[in-house]
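Presented below is the structure to which this report refers.
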Number of protein chains: 2
Amino acid sequence: MKATSDIDSGKPTHAVEQQRGSLRSHVENTVRAAIFDGLYPAGQKLVERELCDLTGASRSILREALVSLEVSGLIERESNRGYRVSLLSARQVYEIFELRASLETLAAELFAERASDAEMQQLAQLLEDLEACIASGDLTQMRLVKERYYELLFSGCRNREIRRALENIIDRVHYLRGRLMSDPDRRQKSLEEMRRLTAALLARDRLQARAASIAHLTAARDTVLEGMLRKDETETAGLMQ
Amino acid sequence: MKATSDIDSGKPTHAVEQQRGSLRSHVENTVRAAIFDGLYPAGQKLVERELCDLTGASRSILREALVSLEVSGLIERESNRGYRVSLLSARQVYEIFELRASLETLAAELFAERASDAEMQQLAQLLEDLEACIASGDLTQMRLVKERYYELLFSGCRNREIRRALENIIDRVHYLRGRLMSDPDRRQKSLEEMRRLTAALLARDRLQARAASIAHLTAARDTVLEGMLRKDETETAGLMQ
DNA sequence: TCGATCGAAATTGTATGCAAAACTACCGCA
DNA sequence: TGCGGTAGTTTTGCATACAATTTCGATCGA
């Protein structure tokens, strides 16, 4: 069941495991979680001392963690003015999805060619699990299964660099997903797309897998962008630039 | 001529500009340069105090810079044991090229569709410059022009995230290029491949551009891997794992 | 000679301190 | 009222100091 244990190259996906790189990764995860939970919305200034209180760490450690988050693009730094949560314009979201599509599609193509039969079987199982989650409406579980599905994809494609590269944008992807992907109607369509992707992967059909992956991410992108535009209209001013 | 000025999202490509993010990016660049220059070969332990002397910075700043280099994969950290320059196995190099091919090819495809006529013209000019460099044998200049060529590609594709993602592996790519791409015979072939790529881009032919980009990077990959194997044979032991 | 053990030196991990820059609020003045 | 300047506070940038861990070497015993 623990198919993900060997691809753990660095920071944990979310706030799993308090202690690993000991303090720094803990601090990093805490700050990341705070941003995801909406404690610090996009554009918000991040005061170091405040984050020290939040995480319990001293400023040296905190600042190292912030550097890491900065590289992944979740926060931005301005000279002598500290950090703030990155603002994501619709344009940037579009670009992120374009990149993500390229990387995930590559992973899918490679998975189709390189995954072991056991991994294929696991993939099929995870799709079943996903169907069950959506049928029962357990969103938390669904999210978890989905994450496992992608973990499997990234380990089965036999290229750790892809996952590493995605790691650097995955924060912002998750951020978006958490805030905007609550569309109920979207879930059914998404499931259908993942069925097609899975079928192509199981058949080891690289071209079909490519097509299915692109279709899936294009649809996801459009949903997110649509959500952003709706939100922009709703809100008084455009905090989003 | 300064086509790159607006895509500058973070650390400078190399050791350009001493002062920007003020100290940290300077320290980061100095350490990076030291690694590129072979002062710290692959696998070498990085002692913090030593790097402080090298860069003139204090440990706090240095450590922040190291975090940044760690995220980009150039160095690795082991708990309570500090940093060392990452070892690159042939397998990892293969994976890096696979990823790089995907990203650069995406950039090329998008460039073909989105670049302005002015950018097309600049691209043609840079190819000419490159031909001149190779004809005259000025390798330093050649490298610079090549970098400009890719900068243009990344800005013309209208997707900054691609460049950002590449930034995180580009260090290791440059590292490889510096150490192994000195094959004289390779330069001619490389030029020929870039001619084809440029022609496809100028024609705004996305499919051809894709094909040319993939061909270029596949050839580069094979050259590098070949070089690595030769080196492995030559050297007594395999420092490369 | 080899291995184990112990202790000092070196190195990393973490916390704190100081100086400079940026922000805030208040005041005087046109 | 509105504007500019200025003092004080906050916050960041950078450096140093202390604690914990690892590394290395010497000593001792089999």
Side-chain angles (χ1 to χ4, degrees), chain A residues 10-12 17-32 34-35 39-41 43-71 73-87 239, chain B residues 10-12 15 17-32 34-35 39-71 73-87 239:
Chain A
K11 36 190 173 181
E17 290 190 73
Q18 290 290 60
Q19 299 291 78
R20 173 99 71 87
S22 220
L23 247 182
R24 200 187 77 205
S25 72
H26 161 62
V27 171
E28 194 183 321
N29 291 332
T30 306
V31 175
R32 199 198 327 267
I35 294 175
L39 190 56
Y40 296 95
Q44 173 85 33
K45 175 111 211 299
L46 294 169
V47 179
E48 294 184 2
R49 170 65 199 241
E50 208 174 303
L51 294 177
C52 287
D53 294 344
L54 178 74
T55 60
S58 73
R59 274 185 67 214
S60 3
I61 311 299
L62 177 80
R63 283 176 61 96
E64 289 179 19
L66 290 181
V67 169
S68 182
L69 291 174
E70 180 193 1
V71 174
L74 192 62
I75 64 177
E76 289 170 334
R77 198 177 84 128
E78 201 175 350
S79 195
N80 283 325
R81 217 157 287 179
Y83 290 93
R84 57 184 61 248
V85 180
S86 293
L87 289 166
L239 249 184
Chain B
K11 35 190 173 176
E17 290 190 74
Q18 291 289 59
Q19 299 292 79
R20 172 99 71 86
S22 218
L23 244 183
R24 200 186 77 205
S25 71
H26 160 62
V27 171
E28 196 184 318
N29 292 332
T30 306
V31 174
R32 200 197 326 270
I35 294 175
L39 190 55
Y40 296 95
Q44 172 87 31
K45 175 115 212 304
L46 294 169
V47 178
E48 296 185 1
R49 171 64 199 245
E50 208 173 303
L51 294 177
C52 287
D53 293 345
L54 177 74
T55 61
S58 74
R59 274 186 66 217
S60 7
I61 308 300
L62 177 80
R63 282 176 63 95
E64 288 178 22
L66 290 180
V67 169
S68 184
L69 291 173
E70 180 193 1
V71 174
L74 192 63
I75 64 178
E76 289 170 333
R77 197 178 84 127
E78 203 175 350
S79 196
N80 284 323
R81 217 156 288 177
Y83 290 92
R84 57 184 60 249
V85 180
S86 294
L87 288 167
L239 247 185

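Naming: A, B, ... by sequence-line order, numbering from 1 per chain. Side-chain atoms are counted along with the backbone in the values below, which use heavy atoms only and exclude waters and symmetry mates.
Rounded to whole angstrom, the span from the CD atom of A:Glu48 across to the P atom of C:dA15 amounts to 15 Å. Distance CZ (B:Arg77) to C1' (C:dT11): 13 Å, rounded to an integer number of Å. If you take CG of A:Leu62 and P of D:dT11, they are 14 Å apart, rounded to a whole angstrom. One can place CG of A:Leu23 at 6 Å from P of C:dA15, the figure rounded to the nearest angstrom. Note: CD (B:Glu78) to C1' (D:dT21) measures 13 Å, nearest angstrom. For the pair B:Arg63 CZ and C:dT14 C1', the interatomic distance rounds to 8 Å; values are reported in whole Å. D:dG13 atom P lies 15 Å from atom CD of A:Glu64, rounded to whole Å. Counting to the nearest Å, the C1' atom of C:dT12 and the CG atom of B:Leu51 are 13 Å from each other.
To the nearest 0.5 Å, the span separating CG on B:Asp53 from CD on B:Glu50 amounts to 7.5 Å. Taking OH of A:Tyr40 as the start and CG of A:Leu51 as the end, the distance is 4.5 Å to the nearest 0.5 Å.
Of the possible donor and acceptor atoms, none in the side chain of B:Arg77 sits under 3.5 Å from a partner among the backbone N and O of B:Tyr83.
Projected onto DNA chain C by closest heavy-atom contact, A:Ser60 and A:Arg81 fall at different nucleotides, the more 5' of which corresponds to A:Ser60.
Checking A:Glu28, A:Glu70, A:Glu48 one by one against A:Arg63, the salt bridge (Lys or Arg N to Asp or Glu O under 4.0 Å) holds for a single residue, A:Glu48.
Counting heavy atoms from C-beta outward, B:Leu23 and B:His26 have side chains that approach closer than 4.5 Å.
Side chain A:Arg59 to base D:dG13: a donor-acceptor pair is found below 3.5 Å.
Checked against D:dA15, C:dG13, D:dT12, the side chain of B:Asn80 finds its nearest nucleotide in C:dG13. Minimum atom distance to the side chain of B:Ser58 is reached by D:dA15, of the listed C:dA15, D:dG13, D:dA15. Distance from the side chain of B:Val47 is smallest to C:dT11 among D:dA15, C:dT11, C:dT14.
A:Leu66 comes within contact range of no nucleotide atom at all, as no heavy-atom separation falls under 4.0 Å.
Between A:Lys45 and D:dT12 there is a side-chain N or O to OP1 or OP2 distance below 4.0 Å.
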